[in-house]
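Naming: A, B, ... by sequence-line order, numbering from 1 per chain. Since the model is a prediction, treat every value here as computed from it, not as a measurement. These numbers come from the heavy atoms of this one structure, side chains and all, not from hydrogens, waters or symmetry mates.
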Protein chains: 4
Amino acid sequence: MATRQFKTTDPDLAVLYEKLAETSLQPLWELSGLLTAQPVVRGVPYRWAGKELRELGARAGELVPVDRGGDRRVLACCNPGLDGAPYAVSTLWAAVQYLRGFEVAPAHRHTPAALRFIVEGEGVWTLVDSDPLHMSTGDLVLTPSWTFHEHHNPTAAPMIWMDVLDLPVVAALDAVFFEEGPSEDADRATMRQSSSEAWFGGGPGLVPVGGPDLPAHRSPLLAYRWADTERALEAQLAVRADGHARMRYSDPVRGGDVMPTMRCEMERLRPGTMTASVRQTGGQVTCVLHGTGRITVGSGEQAQVFSVEPGDIVAIPSWAPRSVIADTELDLFTTSDAPVLEALGLFRVETVTGAKA
Amino acid sequence: MATRQFKTTDPDLAVLYEKLAETSLQPLWELSGLLTAQPVVRGVPYRWAGKELRELGARAGELVPVDRGGDRRVLACCNPGLDGAPYAVSTLWAAVQYLRGFEVAPAHRHTPAALRFIVEGEGVWTLVDSDPLHMSTGDLVLTPSWTFHEHHNPTAAPMIWMDVLDLPVVAALDAVFFEEGPSEDADRATMRQSSSEAWFGGGPGLVPVGGPDLPAHRSPLLAYRWADTERALEAQLAVRADGHARMRYSDPVRGGDVMPTMRCEMERLRPGTMTASVRQTGGQVTCVLHGTGRITVGSGEQAQVFSVEPGDIVAIPSWAPRSVIADTELDLFTTSDAPVLEALGLFRVETVTGAKA
Amino acid sequence: MATRQFKTTDPDLAVLYEKLAETSLQPLWELSGLLTAQPVVRGVPYRWAGKELRELGARAGELVPVDRGGDRRVLACCNPGLDGAPYAVSTLWAAVQYLRGFEVAPAHRHTPAALRFIVEGEGVWTLVDSDPLHMSTGDLVLTPSWTFHEHHNPTAAPMIWMDVLDLPVVAALDAVFFEEGPSEDADRATMRQSSSEAWFGGGPGLVPVGGPDLPAHRSPLLAYRWADTERALEAQLAVRADGHARMRYSDPVRGGDVMPTMRCEMERLRPGTMTASVRQTGGQVTCVLHGTGRITVGSGEQAQVFSVEPGDIVAIPSWAPRSVIADTELDLFTTSDAPVLEALGLFRVETVTGAKA
Amino acid sequence: MATRQFKTTDPDLAVLYEKLAETSLQPLWELSGLLTAQPVVRGVPYRWAGKELRELGARAGELVPVDRGGDRRVLACCNPGLDGAPYAVSTLWAAVQYLRGFEVAPAHRHTPAALRFIVEGEGVWTLVDSDPLHMSTGDLVLTPSWTFHEHHNPTAAPMIWMDVLDLPVVAALDAVFFEEGPSEDADRATMRQSSSEAWFGGGPGLVPVGGPDLPAHRSPLLAYRWADTERALEAQLAVRADGHARMRYSDPVRGGDVMPTMRCEMERLRPGTMTASVRQTGGQVTCVLHGTGRITVGSGEQAQVFSVEPGDIVAIPSWAPRSVIADTELDLFTTSDAPVLEALGLFRVETVTGAKA
C-alpha cells in the first residue's frame with residue numbers, strides 16, 4: 001500500500017522523498033505529463049471492418065453459448081492504443097452483439113447506459129423494463145442506465161447489431177452497479193408496438209398529456225425508427241445546399257440528448273460530398289449504415305484514412321480531427337460523450353483549417 | 001384626472017375621503033370584491049356555432065374587402081359576459097378569418113401571438129417571416145409574437161379558419177406593438193415545403209444539427225400537420241383503455257409549449273367516451289374538428305351543455321368545470337393560457353367530483 | 001348579454017352587423033385601437049408624496065379600526081389615468097399600510113403576491129406561514145402568493161410601510177383566491193430571528209444542505225435586510241466609476257426573481273449622479289428610501305419631473321422613459337412586473353437617446 | 001499495438017481468440033469485473049495528518065524552489081489504493097501547496113478546475129484572471145477551469161493551504177489543456193477587495209444589475225469568506241436541534257454548485273454530535289478546519305476510524321459510508337464530485353442503518 005518513491009541524488013531531498021513516500025505523498029515537481037498543452041489522448045484512430053465483425057460474430061455464435069459470461073455474446077472493440085482495455089475510445093465501449101435464432105439474452109440492468117444500433121437485419125425484440133422494442137435496420141434502441149433489458153430472437157435467423165456503452169465513464173466514477181433481471185425465463189410474447197413509442201413517438205413536437213411519468217435524466221422514447229430518421233434527413237437535404245444533413249436524436253418531450261452520457265447523431269452525405277475537418281474534446285464512435293466513403297481521422301502524419309463500407313465501426317479519439325468524403329450516398333451513425341463534456345464545461349469543438357483528406 | 005371619492009356620513013371620514021381623492025388614494029376598507037374566495041370570473045360559458053361562423057364569414061366576404069381595418073376579414077368571438085370586449089374568454093381572442101379566392105392579407109407583425117387552426121378546406125399559404133406554410137384541414141399554424149405574417153389564397157375557392165390570439169394578456173401588460181410588413185405586394189409564389197418543417201419537423205425526437213438558430217421563447221416548428229397528429233392520437237389510443245387520447249403541441253427541440261402564452265392540445269374521444277369534469281385557472285377555447293358530442297361547461301345551476309359539431313367554438317372561462325361526451329368520434333382542439341398561469345405560479349387544476357354531465 | 005352592435009349606413013352591412021351582434025361576434029374592421037404601433041399605456045406618470053402618505057395614514061389610524069374591510073388599514077395609490085381603478089400602474093397595486101401601537105392585522109392568504117418595503121420605523125412583525133419576520137427601515141419583506149400572513153405591532157408606536165401587490169395581473173388572469181387565516185387570535189410572541197433567514201440568509205452563495213424543502217415559484221428567503229443591501233451597494237460603488245450601484249433581490253438558492261410576478265431592485269446614486277433615460281415594457285413603482293433628487297418619467301411634452309424625498313412613491317407606466325438625478329445620496333427601491341414580461345417573451349428595454357432631464 | 005489475447009484449451013476457440021486479437025476485439029465472456037453488483041472502488045479510506053503535511057511542506061520549502069516542475073511547490077495526497085496515481089480519491093486530486101515569504105507562483109491556466117482552502121494563516125493573494133483574491137483562514141478560493149491564476153506572497157511568512165482539483169475526471173475525458181500565463185513577472189500590487197466579491201458577494205440573494213457578464217459553467221463569485229460561512233453555520237444551528245449545521249457553497253446568481261465538477265460544503269458539529277453513516281457514489285475529500293473528532297470511513301471490517309485534528313485531510317472513496325463524531329466543536333470542509341454524478345444520472349446517496357462508529 002505504499003505510494004511511489006522518487007529518486008534523487010540530493011541526500012536531503014532523498015530523505016524528504018522517503019518521508020513523502022511513507023506519508024503517501026508525491027512531490028508535484030517530480031511528476032510530469034499531468035498538465036499538458038493539449039490532451040495526451042489515450043487511444044488511436046482505428047477502424048473495425050463490418051465484414052470481419054459479422055464473420056467473427058457468427059463464428060462466436062457457433063462456438064459460444066449465449067449464457068456464458070454476462071449472458072451476452074459480445075465482441076468488444078478494443079482500441080489498440082488503450083493498453084488492452086476493451087474500449088473503442090477511452091470513454092466509450094463499442095461492440096457487436098450476436099444472437100442466434102430462438103436465443104434469449106436474459107434480463108439484467110446496470111448503471112452504465114447502452115444503446116443498440118442495427119446495421120442489418122431485423123426480428124429481435126429488446127424488452128426495456130418490460131416494454132418490447134422491435135429492432136430493425138437503421139433503428140436506434142436505447143437501454144438507459146439502470147433499466148432492465150433483455151433480447152429475444154423469436155426468429156430462426158441470427159441477428160447482429162452494435163452496442164455502445166458509457167462504461168468507461170461510469171467505471172471512472174466508481175459508480176458501476178449491476179443486477180440480474182426479475183426472471184431468467186422471460187416472456188417471449190411481444191407486441192409489435194412499444195408503449196414508449198405509442199406515448200412518445202407521435203411526431204415532431206407532439207407529446208402526450210396524462211401519460212406515464214417522465215423518467216429522470218433520459219428520453220422517454222426508447223426507439224428511433226429509421227423511416228422517421230430517413231425522412232428527416234431527406235427533408236433537411238431539400239433545404240440545404242451542401243449535401244450534408246445531420247440530425248441529433250433527442251428527448252422528444254424535454255429536448256436534450258437521449259441519455260446524459262451519450263449523444264447520438266445520424267448524417268447523410270450525398271455522393272461526392274466532403275465535410276470540413278472538425279475536432280472536439282471527448283471520444284466518438286462512428287458506424288456506417290449505408291454507402292461507401294473515406295473517413296479521415298487525425299491530422300498531419302498521424303492522419304489515418306479509412307475506406308468504409310456498411311457495418312464498419314470507426315474510433316475517433318478526443319481532439320482528433322475527423323472529415324468524411326462520400327463516394328456513394330453515405331449514412332453515418334455517431335455516438336459521442338459530448339453531453340458529459342458539455343455538462344462539465346469541458347466541451348471544445350473547432351474546424352481545423354488546412355486539413356487535407 | 002381625480003380618482004374616485006367615497007361617501008360616508010361620518011364628517012371626519014368625509015374630510016379624510018376628500019383628501020384621499022385629492023391625493024389619488026383610495027381607502028381599502030371601502031373597496032370590495034378585490035380579494036374573493038374564488039375567482040370572480042369575467043366571461044361566461046358560450047358556444048359559437050360553426051354553421052353560423054361559416055355563413056357569416058361568407059357574407060362578410062361578399063360585403064367587405066379584405067383591406068379594410070387591419071387588412072384582415074375577421075369576425076371576433078365576443079363572450080357575452082365581457083361587457084362588449086371582443087374576446088372569447090377574458091384572456092384569449094378567438095375569431096374566424098375568411099379569405100376569398102385569390103385574395104391576399106398583407107404582411108404585418110405584432111407582439112400578440114396568434115395561431116391558426118383549420119377546421120375545413122385548404123389552399124391558403126401563410127408566410128411567417130417569409131417561410132411559406134401551407135394550410136389544410138386539421139393543421140395548426142403558428143404566427144408567433146413579432147413575426148411578420150401574411151395570408152395568400154392562390155386558389156379560386158374561399159377559405160375560413162380559426163384564429164386565436166393572446167391579445168387580452170398582451171394588452172393587459174401594456175405591451176402591444178404593431179408594424180406593417182416589408183411589402184404591400186408580397187410574392188405569391190410559394191413552395192410546398194416550409195423551411196421550418198424541413199429543419200424541425202423531422203420526427204419524434206429528431207432535431208437538426210447545424211441548422212438555423214433557435215428563436216427565443218417559442219417553437220421553431222411553425223406548422224403541425226394533421227396526419228402526424230392523427231397518427232399520434234391513434235397510437236396513444238392503442239395503449240390506453242379509456243378511449244380518450246390527448247396530445248400537446250410542443251417545441252420539438254427544447255420541449256415546452258409552442259408559444260409562451262398559449263398551450264395547444266388535441267383530444268380524440270372514441271364514441272361514447274365521457275371525460276371527468278375538470279376545472280383549471282385561466283381561460284380555454286375549444287374548437288371542434290370532427291365529430292359530434294356534448295360539452296358541459298360550468299357546474300350546478302350555471303352549467304351549460306352545448307351540443308357540438310365541427311367548426312363550433314366553445315368558451316370555457318377560468319375555473320369553470322368542463323366535461324365532454326362523445327356521441328361520435330370526436331376531435332377537439334383546445335387553446336388555453338395555461339403557460340402564463342404556470343409561469344406565474346398561478347395554475348390550479350382539479351377534477352370536480354360529483355359533477356354531472 | 002348581447003354584444004356590441006356596430007352602425008353603418010350600408011343596408012346590407014347593417015343586416016350583417018345585426019346578425020353578428022345576435023351571434024356574439026364583432027367585425028374586426030370596425031374595431032380600432034386593438035393593435036397599435038406602440039403600447040397605448042393606461043396610467044400616467046405620477047408621484048405620491050411621502051409626507052402626505054404618512055399624514056393620511058396617521059389620520060386613517062385615528063378614524064378607522066384595523067378590522068374594517070379586509071382587516072388591513074391601507075391607502076391604495078390610484079393612478080389618475082386608470083379610470084378610478086385602485087392601482088399605481090396598470091399591473092401593480094401600491095399602497096401604504098398603517099398599523100397603530102399594539103394592533104394586529106390578522107392572518108389571511110391570497111393568490112396575489114405582496115411585498116412590504118419599510119421606509120421608516122421598526123417594530124412590527126409579519127408572520128408568513130408562522131415564520132416571524134421583523135420589519136425595520138430599508139428591509140424588504142415578502143408575503144408570496146398563497147402564504148398566510150399577519151402583521152403584529154407589539155410596540156406602542158404606530159408603523160407605516162409600503163405594500164406592493166401583483167393584484168392587477170392576477171385579477172386579469174381570473175385567478176384570485178382568498179382565504180381567512182387559521183386563527184383570528186394569533187400568537188403575539190415572536191422570535192427575533194426568522195426560520196427563513198436562519199436557513200437561507202447565510203451569506204452570498206451559502207445555501208443549506210438538508211434544510212426545509214424549497215417552495216415552488218419563489219424565494220425561500222422572505223426578508224432582505226437593509227444592512228446587507230447597503231453593504232452590497234457600497235461594495236459595488238467601490239468598483240464602478242459611474243456612481244450608480246444597482247442590486248436585484250433574488251432567490252438565494254436557485255437564482256431568479258424573488259417572486260414570479262415582481263422584480264425588486266435597489267439603487268444607490270451618489271450625489272450629482274444622473275442616469276440614462278431608459279424605458280421598458282411593463283409598469284414600475286419606485287419608492288424613495290433615502291435622499292433627494294429628481295425623477296423624470298415620460299419623454300417630450302408628456303415628461304414629468306418629480307422632485308422626490310424619502311417616502312415618495314413614483315409610478316412609471318409601461319414604456320415611459322425614466323431617468324434620475326441625485327441631489328443628495330439617493331436610495332431608490334423599485335418593483336416592476338418585468339418577470340412576467342420576460343416569461344412571456346414580451347420584455348423590451350431600451351435607452352432613450354436625446355432625452356433630457 | 002495488438003490487443004489482449006485470451007487463452008483457452010478449446011482448439012476452435014483458440015483459433016477464434018487469435019483472430020479476435022488480430023482484429024482488436026475481445027470476447028465479453030472472457031472478461032470479468034466489468035459489471036459488478038456494487039462499485040469495485042479504487043482507492044481506500046485514508047487520512048493525511050495535518051501536522052505531517054505542514055512539516056513536509058515546510059521542508060520542501062527549504063529544499064525545492066517554487067519554479068521547479070509546474071511552478072508550484074505542491075505535495076500531492078496519493079491514495080495508497082490507487083497504484084501510485086497521485087490522487088486522493090479516484091476522481092479528485094488533493095494536495096498541500098507551500099509558498100515561502102515573498103515568493104510568487106506565476107500565472108498559468110488549465111482545464112482542470114481547482115479550489116484552495118485555507119486551514120491556517122493568511123497573506124497570500126491569488127490572482128484569477130487578474131482579480132486579486134486575498135487568502136485567509138477558513139476561506140474558500142476558486143480558480144475555475146481555464147482561468148489564469150497565480151499566487152503571490154507579499155509577506156515574510158510562509159503560507160500553506162490545501163488544493164483540490166478535478167484532474168482525474170478531466171484526464172479521464174482526455175480533455176486536459178494547459179497554457180502558461182501572460183506574464184512571468186506578474187504585478188505584485190493588489191487591492192484588498194476583489195472585483196468578484198464587490199459585484200457578487202453582496203449578501204444573501206443580492207445580485208448586481210448591469211455588472212460583468214456571468215461566466216458559463218461556474219460561479220462568478222471566486223472567494224467565500226470564513227466570516228460569512230461561520231455566521232451562516234451559527235444561524236442554522238440556532239434553528240436545528242441536532243447540533244449539525246451544513247452549508248453548500250453555490251453560485252450566488254444562478255444557484256448550483258460553484259463549479260460543474262466539484263461540490264464544496266462546510267459542516268459544523270457541536271461537541272458530542274454524531275452524524276448518521278451515509279454513503280454516496282463518487283469520491284469525497286474532507287479537510288478539518290477546527291476542532292477534533294473521529295471520522296469513520298467504510299463499514300464492517302473495512303471501516304477505518306480516524307481521529308482528526310485541524311489540517312487533517314481524509315479520503316472517502318465512492319460508496320464508502322462516512323460518519324463523524326465531534327469531540328470538540330468541529331468544522332469540516334468537504335469537496336466531492338457529486339455534481340458530475342448528478343449531471344450524469346449516477347448519483348446515489350443512502351443512510352447506512354446499523355453502522356457503528
Side-chain angles (χ1 to χ4, degrees), chain B residues 1 3-4 12-13 16 19-20 23-31 35-39 41-42 46 52 56 59-60 63-64 68-70 72 74-78 80 84 86 90-91 110-111 145 167 170 172-178 216-217 260-261 281-282 318 340-341 343-346, chain C residues 1 3-4 12-13 16 19-20 23-31 34-39 41-42 48 52 56 59-60 63-64 68-70 72 74-78 80 84 86 90-91 110-111 145 170 172-178 216-217 260-261 281-282 318 340-341 343-346:
Chain B
M1 291 259 290
T3 191
R4 183 176 164 204
D12 289 337
L13 270 185
L16 176 61
K19 284 185 185 160
L20 292 178
T23 322
S24 296
L25 295 169
Q26 292 182 22
L28 174 63
W29 59 89
E30 294 285 1
L31 302 173
L35 294 171
T36 53
Q38 298 224 340
V41 177
R42 299 162 297 145
Y46 201 75
E52 290 179 316
L56 293 166
R59 185 61 180 149
L63 297 178
V64 183
R68 258 193 76 181
R72 298 293 188 269
V74 161
L75 301 178
C77 295
C78 304
S90 57
T91 53
H110 34 72
T111 49
S145 179
L167 175 58
V170 182
L173 296 170
D174 290 334
V176 172
F177 292 82
F178 174 89
H217 295 295
T261 48
T281 47
S318 182
V340 177
L341 287 116
L344 306 186
L346 297 165
Chain C
M1 289 258 290
T3 191
R4 183 177 165 204
D12 288 337
L13 269 186
L16 176 62
K19 286 184 184 161
L20 292 178
T23 321
S24 295
L25 295 169
Q26 291 182 23
L28 175 62
W29 58 89
E30 294 286 0
L31 302 174
L34 288 176
L35 294 170
T36 52
Q38 299 223 341
V41 176
R42 299 163 297 147
W48 292 264
E52 290 180 314
L56 292 166
R59 184 62 180 145
L63 296 178
V64 182
R68 259 192 77 180
R72 298 293 188 270
V74 162
L75 301 177
C77 296
C78 305
S90 56
T91 53
H110 35 72
T111 49
S145 180
V170 182
L173 296 170
D174 290 335
V176 172
F177 291 82
F178 174 88
H217 295 295
T261 48
T281 47
S318 182
V340 179
L341 288 116
L344 306 186
L346 297 166

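For chain C, the option among Val74(B), Thr111(B), Leu16(B), Val41(B) with the highest count of heavy-atom pairs below 4.5 Å is Val74(B). Contact count against chain C (heavy-atom pairs under 4.5 Å) is highest for Ala76(B) among Ser318(B), Gly345(B), Ala76(B), Pro260(B). Put simply, of Leu173(B), Thr261(B), Thr281(B), Thr91(B), the one with the most heavy-atom pairs under 4.5 Å next to chain C is Leu173(B).
Contacts between Ala216(C) and chain B at a heavy-atom distance below 4.5 Å are absent for every atom of the residue. The parts of Ala175(B) that come within reach of chain C are both its backbone and its side chain, each placing non-hydrogen atoms under 4.5 angstrom from that chain. For Ser145(B), the part lying near chain C is the side chain, with the backbone staying farther off; criterion is any non-hydrogen pair under 4.5 Å. The parts of Val340(C) that come within reach of chain B are both its backbone and its side chain, each placing non-hydrogen atoms under 4.5 angstrom from that chain. Both the backbone and the side chain of Leu35(B) come within contact range of chain C, with heavy atoms under 4.5 Å apart. Within the 4.5 angstrom heavy-atom criterion, only side-chain atoms of Leu341(C), from C-beta onward, approach chain B.
The nearest pair of heavy atoms linking Trp29(B) to Leu75(C) is CH2-CD2, 3.7 Å. A pairwise comparison of heavy atoms in Thr23(B) and Trp48(C) identifies O-CD1, 3.2 Å as the closest pair. Summarising the geometry of Cys78(B) relative to Gln26(C), their closest heavy-atom pair is SG-CG, 3.0 Å, with the distance given to 0.1 Å.
Gln38(C) places no side-chain N or O within donor-acceptor distance of the main-chain N or O of Val176(B), the cut-off being under 3.5 Å.
Interatomic distance, OG1 of Thr36(C) versus NE2 of His110(B), reported as 11.5 Å (0.5 Å rounding).
For the pair Pro86(B) and Leu31(C), the minimum side-chain heavy-atom distance is below 4.5 Å.
In terms of the salt bridge (Lys or Arg N to Asp or Glu O under 4.0 Å) criterion, residue partners of Arg59(C) (sequence neighbours excluded) are, by chain and number, Asp12(B), Glu62(C).
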